[in-house]
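These notes concern the structure reproduced below.
Numbering of residues begins at 1 and proceeds along the displayed sequence. As the structure lists them, so they are numbered: ligands from 1, and atoms in each ligand from 1.
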Amino acid sequence: MFQGDLLDATDDQLRAAVEEADILALLPALAHLTGDLALLRDDLRPDPAMLVQPDAGYTADQLETARTIATEALIRHRDAGAPPAPPVAPEALHALIEFLVGPATDEWYPVLREELALEGADHRAPGWSKAEVAPDRPFRVAVIGAGMSGLLAAHRLRQAGIDVTILEKDDDVGGTWYENTYPGCRVDVPNHFYSYSFAQRPDWPQFFSTQPALLDYFRRCADELGLRPLIRFGTEVVEARFDDTDQQWSVTTRSASGGDATERYDVVVSAVGQLNRPKYPDLPGVGEFAGPAFHSARWDHDVDLTGKRVAVIGTGASAVQLIPEIAAEVGELLVFQRTPPWIAPTPNYHDDLPEGLRWLMAQVPDYAHWDRLWQFWKMHEGLLPAAVVDPEWPDQERSMSILNELVRQMLTMHLEAEFTDPELRAKMIPPYPPLAKRVVRDNGSWPRALQRPNVSVHTEPIEAITEKGIRTADGEEHVVDVVIYGTGFTASEFLTPMRVVGTGGVDLHERWGGDARAYLGVTIPDFPNLFLLYGPNTNIVINGSIIYFSECEVHYLTEAIRLLLAGGHRSMDCRADVHDAYNERIDAANRTMVWGAAEVNSWYRNKKGRVAQNWPFSLLEYWQQTREPDPADYTLR
Ligand code: NAP
């Protein structure tokens with residue numbers, strides 16, 4: 001039904017496509033396309049208090065009205081020959097954005113304008129170039145990693161005319177999306193919003209696309225941005241050492257063939273990610289199992305699971321995605337669960353975009369951009385208020401505030417409805433407050449898989465991995481053919497296994513002692529000209545997307561390099577007092593959040609018990625703090 005372009009569409013086709021659209025994003029898209037701001041009617045403004053409701057809580061009447069005026073606008077646009085959008089004046093853009101976000105616009109406006117990136121604008125491109133500020137100074141930057149944040153950093157630095165080399169241990173770009181190939185792997189934030197602001201695409205196949213689509217996106221970005229020639233694949237950084245004499249980094253790499261090489265760089269950017277070094281459980285016998293055993297992030301596609309007795313250890317986000325995919329294929333599936341995950345019901349989690357919506361995204365210029373902005377806005381706070389601890393709240397074991405309790409009740413009702421067997425249900429309802437760990441999305445496939453006759457859930461603690469399988473604390477040995485570790489990543493061991501040596505020979509991992517900290521997640525005292533992306537305390541739990549954080553960090557990085565070059569400084573080193581005060585503030589705030597206060601295992605805490613992963617404040621605050629380095633925060637040499 002939805003073929004051809006807009007000029008050929010009938011009125012009925014337009015009406016049918018609008019039925020499938022996210023109408024709130026379509027209205028400003030059409031107002032922009034047609035220049036008709038009268039489409040943004042006051043009675044159709046979304047209620048800011050209803051953002052997380054479907055269609056932002058529109059009544060049936062509002063929905064009908066919105067669809068009618070959108071269809072009529074499309075018909076008029078078609079009849080006018082589908083002309084391009086008129087240039088949008090700044091006041092008009094403000095009005096368009098304000099329609100979606102309401103009166104919060106003023107503080108947020110610059111961020112939203114950047115996220116929207118209307119008409120191909122790239123507001124976050126560096127507003128300077130090396131040719132202007134330091135044309136004659138030789139200056140080289142090494143970016144470690146060609147995943148989401150490494151590609152982004154290299155692109156921005158190159159836009160500023162900086163000489164960049166990307167050192168990548170793998171044979172392709174994509175980072176976590178390259179390495180995780182387990183069945184069912186997919187993104188868990190709405191896909192249109194999980195993309196770079198400057199490389200939005202209107203043709204995501206699904207609301208939450210699968211790993212191949214994400215990998216394809218990052219590959220295409222690398223190609224289209226011309227980044228591949230900058231990348232040395234199969235090249236792992238083993239050591240970065242700062243030389244106090246010439247204020248440069250010596251970076252030692254190991255190639256796939258085993259040869260080492262050392263090169264000098266003025267700046268090193270770590271873009272190594274947090275969630276890619278597999279964590280195997282700290283159990284006796286790991287490695288002694290005689291059959292095939294592999295981690296979810298190192299999926300062994302040569303192992304045929306058909307008809308086999310398979311054990312999966314762990315029930316985090318990775319396991320919840322892969323278990324439903326393999327449950328029907330294996331003979332028997334034994335799931336070993338230590339802590340049950342809270343599940344966020346997401347009915348469209350596996351769905352393709354409906355045809356009409358895909359067609360509209362392709363036909364209405366910038367509709368995909370408005371849709372992305374709308375997703376961004378709906379998610380910018382998300383359930384964050386429900387993660388704030390109320391110290392007066394009684395019974396802090398199960399929930400930590402009235403809002404947190406409401407979320408707990410809603411999610412519990414969902415689990416109770418999905419798990420009909422009382423014994424299994426008792427295992428699957430988490431005994432800890434929601435939002436203390438990452439809430440896992442599911443469309444019903446998780447309970448369906450666990451309730452299959454060939455699947456069993458084991459909650460007895462695992463005592464050891466044996467040659468034949470898994471022995472639990474009750475003494476039973478569960479004999480299996482294959483063991484799959486869905487046991488997560490060594491997320492707290494930032495920058496491992498690289499050796500990083502700063503000024504005066506200080507070793508980063510000795511300094512951190514397993515408790516990584518940085519200023520803004522980016523810079524570390526005594527490690528001049530080293531910048532981290534997705535560093536300590538830059539992860540979000542239930543709002544936003546990590547790409548947003550990377551864009552903020554990379555903005556700060558490029559501004560820091562401008563500071564170095566424009567001031568003729570060789571290096572910049574974060575002041576210890578600034579760093580320490582910042583981290584005290586982060587720690588204090590994390591203690592007021594459910595993920596910092598609740599007593600439950602999670603990868604958000606490091607071995608010292610500190611939350612080393614999460615950002616406890618608003619997305620806006622991170623943007624504001626990363627506008628540019630304050631020279632007073634640094635020792636400039
Ligand atoms: P994870 O959340 O750390 O889950 C690891 C699982 O293994 C947990 O259930 C953990 O139990 C269990 N486990 C660890 N050691 C164990 C032991 N000795 N005995 C029994 N069970 C053990 O790891 P993940 O599932 O790979 O996810 C990590 C993060 O990656 C996610 O939170 C998310 O941010 C990201 N991710 C995202 C997606 C997506 O976009 N959809 C998909 C996958 C991953 P405990 O809970 O008791 O520790």
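- F376 and Y548 have their aromatic ring centers within a separation under 6.0 angstrom.
- The immediate protein surroundings of ligand 1, defined as residues with any heavy atom under 4.0 Å of it, consist of Y182, R186, V187, D188, L275, P281, L283, I313, G314, T315, G316, A317, S318, Q321, R338, T339, Y349, K437, R438, G486, T487, G488, F489, N601, W603.
- A side chain to side chain donor-acceptor pair (under 3.5 Å) check over residues 482-495, counting only residues at least two apart or in different chains, returns the pairs S492-Q613.
- In this structure, H380 and W377 have parallel ring planes: the angle between them is below the 30° cut-off, well short of the 60° mark.
- Screening residues 457-483 for ring pair (Phe, Tyr, Trp, His ring centres under 6.0 Å), with sequence neighbours left out, gives F336-H458, F336-H478, H458-H478.
- In this pair, W204 and Y217 present their aromatic rings tilted. The plane angle is within the 30 to 60° band.
- Legend: side chain to side chain donor-acceptor pair (under 3.5 Å) pairs involving residues 591-607, not counting sequence neighbours, sorted by first then second residue: T339-N601, D515-N606, N590-W595.
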